[in-house]
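Worth saying up front: this structure is predicted, and the values here are computed from it rather than measured. Scope of the values below: all heavy atoms of this structure, side chains included, with no hydrogens, waters or symmetry mates. We number each residue from 1, following the sequence as shown. Just follow the structure's listing: the first ligand is 1, and inside any ligand the first atom is 1.
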Amino acid sequence: EECYQLNVSPKDFPKLKNDAFLLACRGQETPHVPVWCMRQAGRYLPEFRESRAGKDFFATCRSPAACCELTLQPLRRFPFDAAIIFSDILVIPQAMGMDVQMVAGKGPTFPEPLKEPEDLLLLQSKVDVNKELDYVFKAITLTRHKLEGKVPLIGFTGAPWTLMAYMIEGGGSTTQSKAKRWLYRHPEASHQLLKMLTDIIVEYLLGQVAAGAQALQVFESHAGCLGPAEFQEFSLPYLRDIARKVKDQLKESGQDVPMIVFAKDGHYGLEDLSQSHYEVVGLDWTIDPRSARERTGGKVSLQGNMDPCALYAPKERIYEIVKKMLEGFGTRGYIANLGHGLYPDMDPENVGAFVEAVHAHSRHLLNLK
Ligand code: CP3
């Protein structure tokens, strides 16, 4: 089976049937507000837990057939308007030669994180992205075919600062103090690493588009631990570089793929993010929809931002929360999502209620126009 699937080529993809998500990325009119959820392929689904049971996380990431199946699972249950490829942001540090393991109950762990600038010499600085990350491209191509044009497929990457933080912290951290130590003590080495990551990320995203990704999201999940000044110096320039380089390259071949930037807890950077060549700015739940609209001045589409924990509420309450969110953002240039990923203990039924509420209430608002 795997053998046949690996032969699938990134050509003659099925015709897209639901383009609401892509239209909303570009601020164009849609029949309803499109919706998807970060971590929609995840442990809250019993079928996901069953597929993943007993298998190593990164081994799963390396199997195109498994990634395809996990990506499609949530689409079989809910009428999401986009799929996001099952993978992980930490495949890049792996491609650079770092060992990363998924430790149960602890999350991703680097047995030998970067400690001092000399450790940069141990990294593969010129990564052959097409060789090392080929398995992701194969997963994207296969999934794009198997989606049968149902909805667009989103590719993604971690942003340079977020990846750097993992590579130095060696895992999750509340303070990110080891990584931030580099910013204050080794600014030059930090820029060197961020630049190295940026070059790989640009190639990686272009490879994802060549493989069939129809939109790209850049996760700056660790924006929140930076302040405005550090964000300006160590995150924003690289986020901008990525979008500009990817877009310039795509333009040369007459392509144009919408890009989303999600800088979690980075609302101090909202004005800048809305002028960074991304079509869409993703928002966490700590920003009020109306003020996010004002501060981004209609320059970009917005994506987000219901508190994932609102899914613990009864369904009627979820409907009310969605209603307020839609009325705050408006129906144009808006993609409904959560402010961060789904948690494993969430009830799939409530996820369904969230999706249903977005579709129903946005259709209602659009009919009033
Ligand atoms: O959103 C999706 O459905 C697509 C798949 C996706 C995964 N990881 C699958 C995954 C995406 C977009 C990611 C990105 C990712 N990975 C981020 C950025 C988004 C964010 O959350 O801010 C980060 C920080 C990571 C690193 C990572 N991988 C963490 C912190 C964890 C959680 C560890 C845990 O035990 O919960 C992972 C593991 C992971 N990645 C899971 C999934 C579905 C759960 C683990 C499993 O399946 O065994």
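- Taking every heavy atom of Phe219 and a limit of under 4.0 angstrom, the matching atoms of ligand 1 come to 12 (C), 18 (C), 19 (C).
- In this structure, atom 31 (C) of ligand 1 lies nearest to the protein heavy atom Arg39 NH2, 3.5 Å.
- In summary, the side chains of Gln73 and Glu69 do present a donor paired with an acceptor at a separation below 3.5 Å, with no hydrogens or angles considered.
- Considering Gly155, Ala223, Gly42, Ser87 only, the shortest heavy-atom separation from atom 9 (C) of ligand 1 involves Ser87.
- Between Arg295 and Asp288, none of the side-chain N atoms (NZ, or NE/NH1/NH2) sits under 4.0 Å from a carboxylate O, so this pair counts as no salt bridge.
- Among Lys264, Gln217, Arg43, Arg52, the residue whose heavy atom lies nearest to atom 35 (O) of ligand 1 is Arg43.
- Here Phe234 and Tyr184 keep their ring centres 6.0 angstrom or further from each other.
- Classified by interplanar angle (parallel below 30°, tilted 30° to 60°, perpendicular above 60°), the ring pair Tyr44/Phe78 is parallel.
- For the 3.5 Å distance criterion, the side chains of Gln101 and Thr109 fail to qualify, holding no donor opposite an acceptor.
- Heavy-atom proximity to Tyr166, at under 4.0 Å, picks out these atoms of ligand 1: 24 (C), 26 (C), 30 (C).
- The contact set between ligand 1 and Gly107, taken as ligand atoms under 4.0 Å from a residue heavy atom, comprises 33 (C), 35 (O).
- Protein heavy atom closest to atom 41 (C) of ligand 1, with residue, atom name and distance, is Phe57 CE1, 3.7 Å.
- The distance from ligand 1 to the heavy atoms of Ile85 drops below 4.0 Å at these ligand atoms: 4 (C), 5 (C).
- The closest non-hydrogen atom to atom 18 (C) of ligand 1, taken over Gly172, Cys61, Ser221, comes from Ser221.
- With atom 27 (C) of ligand 1 as the reference point, the heavy atom nearest to it among Ile84, Asp88, Leu45 is part of Asp88.
- Ligand 1 places these atoms under 4.0 Å from at least one heavy atom of Phe48: 43 (C), 47 (O).
- At least one heavy atom of Pro108 sits less than 4.0 Å from an atom of ligand 1.
- Of the N and O atoms on the side chains of Asp307 and His340, not one donor lies less than 3.5 Å from an acceptor on the other residue.
- Classified by interplanar angle (parallel below 30°, tilted 30° to 60°, perpendicular above 60°), the ring pair Tyr334/Phe329 is parallel.
- Contact annotation: the side chain of Phe137 approaches that of Val129 to within less than 4.5 Å [non-hydrogen atoms, C-beta and beyond].
- Looking at heavy atoms from C-beta onward, Leu193 lies in side-chain contact with Leu114 at the 4.5 angstrom threshold.
- Using cut-offs of 30° and 60° for the angle between ring planes, the His361 and Tyr319 rings count as perpendicular.
- Taking every non-hydrogen atom of Ala41 and a distance limit under 4.0 Å, the qualifying atoms of ligand 1 come out as 3 (O), 43 (C).
- Of the protein's non-hydrogen atoms, Ile89 CG1, 3.6 Å is the one closest to atom 25 (C) of ligand 1.
- Distances from atom 38 (C) of ligand 1 to the heavy atoms of Met38, Gln73, Met102, His340 put Met102 nearest.
- Every atom of ligand 1 with a heavy atom of Phe86 under 4.0 Å away is listed here by number and element: 9 (C), 43 (C).
- When hydrogens are left out, the protein atom nearest atom 11 (C) of ligand 1 is Phe156 CZ, 3.5 Å; that is the closest non-hydrogen contact.
- Side chains of Trp182 and Glu116: no donor on one and acceptor on the other come within 3.5 Å.
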